[in-house]
Amino acid sequence: MGDTKDFHEVPCTSERAVAKVLARRNGVVAKGAAVDCPLYTDFVLYVSESAPSAAASGDASVSRGYACMRNLEPPHPGDPGMGGGPYTVVGDCVYAAGADQVKETACDGSGPHAPQYRVVSAVPTRAGCPSSTRLYVQLTGDQGAVGCARRV
């Protein structure tokens, strides 16, 4: 929510295009609330409500909400192991960020924090994790409720 970049809608084929919208959701999003985006979303763009200017080609207002975005070219931080995106997925790496909290980081060590664990599988319950599991990570979406992570 702290991102202050300005984005303007252009066709995906435009030389000015940098990302495409995977999904658009309307409504107010509370700070820290979960988003409903496809798993490999690179970033979430929060949209403020606005009315069209006199120079705008359309006559509809833009409602508040968010857009799930995917970069048109690499890097893709939402891909497994890349250290970003709104979700932790199988293949991602994490580091301990406090009591009972982990945060995602790039598996290749290029991020500001070194990876400590890699999520190797997703299962419905902790009991389904292999015996080599050293950390259980809460996952979202349809990938399973628990991520089984090993130390890297």
Side-chain angles (χ1 to χ4, degrees), residues 1-98 100-123 135-152:
M1 286 190 156
D3 196 351
T4 59
K5 290 182 181 179
D6 285 331
F7 287 89
H8 301 281
E9 186 176 352
V10 296
C12 285
T13 55
S14 168
E15 64 185 30
R16 293 179 28 223
V18 295
K20 67 179 176 179
V21 176
L22 300 176
R24 172 77 162 87
R25 310 285 188 240
N26 292 329
V28 177
V29 180
K31 186 173 185 173
V35 294
D36 179 23
C37 287
L39 279 183
Y40 301 113
T41 296
D42 287 332
F43 64 99
V44 178
L45 179 63
Y46 293 91
V47 180
S48 299
E49 194 165 359
S50 65
S53 68
S57 59
D59 59 359
S61 64
V62 176
S63 46
R64 180 177 296 218
Y66 62 92
C68 308
M69 307 296 290
R70 176 85 173 164
N71 294 331
L72 291 178
E73 296 181 8
H76 292 290
D79 285 354
M82 296 302 291
Y87 302 121
T88 301
V89 298
V90 172
D92 278 344
C93 291
V94 297
Y95 66 94
D100 295 327
Q101 184 180 15
V102 295
K103 291 193 177 181
E104 192 177 333
T105 190
C107 289
D108 66 5
S110 64
H113 297 276
Q116 295 176 321
Y117 302 91
R118 180 185 290 253
V119 179
V120 295
S121 61
V123 295
L135 179 74
Y136 303 98
V137 181
Q138 182 178 351
L139 302 178
T140 56
D142 59 356
Q143 55 182 332
V146 177
C148 312
R150 293 183 185 151
R151 197 169 265 295
V152 292

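Basis for what follows: all heavy atoms, side chains included, without hydrogens, waters or symmetry-related copies.
To the nearest 0.5 Å, the span separating CE on Met69 from NZ on Lys20 amounts to 10.5 Å. Atom CG of residue Asp79 and atom CZ of residue Arg70 lie 4.0 Å apart, to the nearest 0.5 angstrom. Taking SG of Cys68 as the start and CG of Asp42 as the end, the distance is 11.0 Å to the nearest 0.5 Å.
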key: Check against side chain to side chain contact (heavy atoms under 4.5 Å, CB included), Tyr66 and Val35   = CA-CA 8 Å; Tyr66 62 92; Val35 294; 3.8 Å; yes
Residue pair Val94, Leu135: steps toward the side chain to side chain contact (heavy atoms under 4.5 Å, CB included) verdict = CA-CA 10 Å; Val94 297; Leu135 179 74; 3.9 Å; yes
task = Using the side chain to side chain contact (heavy atoms under 4.5 Å, CB included) rule, take Val47 and Arg24 through it: C-alpha gap first, then chi angles, then the decisive distance, then the call.
result = CA-CA 10 Å; Val47 180; Arg24 172 77 162 87; 3.6 Å; yes
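Contacts of Asp92 classified as salt bridge (Lys or Arg N to Asp or Glu O under 4.0 Å), with partners at least two apart in sequence or in another chain: none. Residues that satisfy the side chain to side chain contact (heavy atoms under 4.5 Å, CB included) test with Lys103, not counting sequence neighbours, are Tyr95, Ala97, Gln101. Checked against salt bridge (Lys or Arg N to Asp or Glu O under 4.0 Å), Arg118 has no partners two or more places apart in sequence or in another chain. Scored by the ring pair (Phe, Tyr, Trp, His ring centres under 6.0 Å) test, His76 finds no partners at all (sequence neighbours excluded). Judged as a salt bridge (Lys or Arg N to Asp or Glu O under 4.0 Å), and not counting sequence neighbours, Arg150 has no contacts.
Nearest heavy atoms, Ala17 versus Leu72: CB-CD1, 3.6 Å. Considering all non-hydrogen atoms of both residues, Ala67 and Val21 come closest at CB-CG1, 4.2 Å. Nearest heavy atom pair, residue Tyr40 against residue Pro80, reads CE2-CD, 3.6 Å. Minimum heavy-atom separation, Pro38 to Leu22: CG-CB, 3.9 Å. Across every non-hydrogen atom of Val102 and Ala96, the tightest pair is CG1-CA, 4.3 Å. Nearest heavy atoms, Val89 versus Val119: O-CB, 4.0 Å.
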Exercise answer: donor-acceptor pairs, residues 104-112 side-chain atoms, under 3.5 Å, sequence neighbours excluded:
unit_1: Glu104; atom_1: OE2; unit_2: Gly84; atom_2: N; d: 3.0
unit_1: Thr105; atom_1: OG1; unit_2: His113; atom_2: O; d: 2.6
unit_1: Asp108; atom_1: OD1; unit_2: Ser110; atom_2: N; d: 2.9
unit_1: Asp108; atom_1: OD1; unit_2: Ser110; atom_2: OG; d: 2.6

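Checking side-chain atoms of Arg16 against main-chain N and O of Val10 turns up no donor-acceptor pair under 3.5 Å.
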